[in-house]
Amino acid sequence: MRRAALLVALALLVAILLRERRALAANFVGVSEFEREGGVYFAPSIDIAKRVALRTQLADARRRVAAFYGPLRAKPTIIAADAGSRARFMTGSTGETQYRPGDAVMVLAPAGHNVDVLAHELAHAELLQRLGYLRMTWCVPTWFDEGLAVYFDQRPFYRAAAYAARRRAGARPPPLLSLDDRQAFFAGSRDELRFRYASARHAIEQWLAHTSPSAATRWIDTLRCDRASQRELARIAELLD
Ligand SMILES: [Zn+2]
C-alpha cells in the first residue's frame, strides 16, 4: 500500500515536472550555457551583431510601452534563445512571457527578435509588475491581458484594418467575456487566434479612445477581483462593433 502511494506521488511529480519543465529551464538559465549581457541571457550561438540589434530593438520597444505607462517598472528576465534551444523554454515560435511571483521571464525565439514582439512581451511584464502575481492570475481575464499587450504590437494581422476587413467579410467578433482563461483564448487555429487578438485589441482601442492614458493606467493599477473592476472589464469587453 505504501509502495502504491509512493508510486502515485512519483507519477504526480513527473507529471508536474514535465508540464513545468519550460518554467524550470527558464529559472535555471543563470547556471546554463547562456551568456548574460546587458540584462539579456543570450544563447551562445547568437553573434555580437544580433545581440547589439536586439538591445536596440529592446530600447525602442521600451519607449513604445512607456509612451502609455510612463517609465516602466518591470525588469523582466530576458532570454534570447536560438533555434536549437527555443523549445527548452517555450511552446510558441516568437515570444512568450512566463509569470512568476517575483517577476516575469520573457523568452524570445529568433523570429521574436523585433520591436513588435518585444513591446508585446514587455507589456505583459509591466502589467504583472503593476498588479502582482495574485491579482494577475486571479483577477485579469486573458482577453484583457492579451488585448493590452497586442495594443503595442503593430504586426498587420492584429491591427484595426485587419479587424475591419474580417468584419466586412461577415466574421462575428468572438465574445470576449468567454475568453477569460488562457485555454479558451489560445484554443483553435492560428487564424482564429489572430482574429481573437485583433478583437481584444479593438476593444482596448475603443476603450482608450475615450480614456486618457493616465486615467487608464490609474484604473489598471487598482484592478482587483472586486465587483467594480469586473464591471468595468465587462464594459470594455462589450465595446466591440
Ligand atoms: Zn501575449
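Read the numbers this way: they start at 1 and go in the same order the structure lists the ligands and their atoms.
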Worksheet item: In terms of side-chain heavy atoms, does R100 have a donor or acceptor partner in N27 at a distance below 3.5 Å?
Response: yes

Worksheet item: Got a sec, which pairs hit disulfide bond (SG atoms under 2.5 Å apart) with one end in residues 83-178, sequence neighbours left out?
Response: C139-C225

Item to complete: May I ask you to determine how many protein N/O/S atoms are under 2.8 Å from the Zn ion (ligand 1)?
Response: 3

Fill in: Expected output: side-chain T142 to main-chain D180 donor-acceptor under 3.5 Å
yes

Practice prompt. Step by step, work out the side-chain hydrogen bond (donor to acceptor under 3.5 Å, both in side chains) result for D145 and Y99.
Written response: CA-CA 12 Å; D145 183 17; Y99 299 151; 2.7 Å; yes

Worksheet item: Are any of the side-chain nitrogens in R155 or D116 under 4.0 Å away from the carboxylate oxygens of its partner?
Response: no

Practice prompt. Assess R64 against F152: is NZ or CZ under 6.0 Å from the centre of the six-membered ring, and within 45 degrees of the ring's axis?
Written response: no

